[in-house]
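One structure below.
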Amino acid sequence: QVQLAESGGGLVQAGGSLRLSCAASVRTFSSSIMGWFRQAPGKEREFVAAINWSGGSVYYGDTVKGRFTISRDNAKNTGSLQINSLKPEDTAVYYCALAPSRGWLRAYFTEGSNYNYWGQGTQVTVSS
């Protein structure tokens, strides 16, 4: 029984869109910060987006701002990442993750080491 499971990745042309989903079996989901990170082969993990426990606050990394939208549905224990205007440089494995809610500070929720639950990732490949 996995605690977080991503889905929705695939192969798309540049300029296309994808919607990634994260299904959680973690009982503390609704009180946790949910983040999305991505990692390309041979490169370090990169922060993508985060949303606070209620969904009232969101934050995006500079490289995806204006193209990505993060959301959550606590009643269903799910989260989503809508990706528009995909670029080849968006190619990566995308992970959802949960962190304990400790306020809303960029230095905290952009740091992967603060997240204690991780999914296994879903592959997004963007062709030019």
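Treat the numbers as computed from the prediction; the structure is a model and nothing was measured.
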Is [Y] close to [X] at the side-chain level, that is, under 4.5 Å between some pair of heavy atoms?
| X | Y | answer |
| --- | --- | --- |
| Tyr95 | Arg38 | no |
| Trp36 | Glu6 | yes |
| Pro100 | Trp53 | no |
| Ile70 | Phe68 | no |
| Val48 | Tyr60 | no |
| Ile33 | Leu98 | no |

Legend entry - Same apolar cluster: Leu18 and Tyr94, side chain cutoff 4.5 Å: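 Same hydrophobic cluster.
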
How far does [atom1] of [X] sit from [atom2] of [Y], to the nearest 0.5 angstrom?
| X | Y | atom1 | atom2 | value |
| --- | --- | --- | --- | --- |
| Cys22 | Arg72 | SG | CZ | 9.5 Å |
| Ser80 | Arg19 | OG | CZ | 4.0 Å |
| Ile83 | Leu20 | CD1 | CG | 4.0 Å |
| Tyr117 | Gln3 | OH | CD | 5.5 Å |
| Ser57 | Ile51 | OG | CD1 | 8.5 Å |
| Leu4 | Thr78 | CG | OG1 | 11.5 Å |

Would you say [X]'s side chain and [Y]'s backbone share a donor-acceptor pair under 3.5 angstrom?
| X | Y | answer |
| --- | --- | --- |
| Ser32 | Met34 | no |
| Gln82 | Thr69 | no |
| Tyr115 | Phe109 | yes |
| Thr91 | Val126 | yes |
| Arg67 | Ser85 | yes |
| Thr122 | Gly9 | yes |
| Asn74 | Asn77 | no |

Legend entry - Considering all heavy atoms, the nearest Ala24-Phe29 contact: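 Looks like CB-CD1, 3.6 Å.
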
Inset, instruction - Can you establish whether the number of heavy atoms outside Lys43 located under 6.0 Å from its atom NZ is more than 12? - result: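 Check fails, neighbour count at 12 or below.
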
Inset, instruction - For Ser128 and Gln13, test the side chains for any donor-to-acceptor distance below 3.5 angstrom and give the result as yes or no. - result: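 No, no side-chain donor-acceptor contact under 3.5 Å.
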
Legend entry - Donor on one side chain, acceptor on other, Asn84 and Ser17, under 3.5 Å: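 Ser17 and Asn84 do have a side-chain donor-acceptor pair below 3.5 Å.
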
Legend entry - Electrostatic pair Lys87:Asp90 at N-O distance under 4.0 angstrom: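 Asp90 and Lys87: not salt-bridged.
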
Inset, instruction - Evaluate the side-chain hydrogen bond (donor to acceptor under 3.5 Å, both in side chains) criterion for residues Glu46 and Thr63: first the C-alpha distance (whole Å), next the side-chain angles of each, then the deciding distance (0.1 Å), finally the verdict. - result: CA-CA 10 Å; Glu46 177 187 19; Thr63 59; 3.0 Å; yes

Legend entry - Geometric class of the Phe37/Trp118 ring pair [parallel <30°, tilted 30-60°, perpendicular >60°]: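 Rings of Trp118 and Phe37: tilted, 30 to 60°.
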
Legend entry - Lys65 to Tyr59 six-membered ring, cation-pi geometry met (6.0 Å, 45°):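 Yes - Lys65 lies over the ring of Tyr59, closer than 6.0 Å to its centre and within 45° of its axis.
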
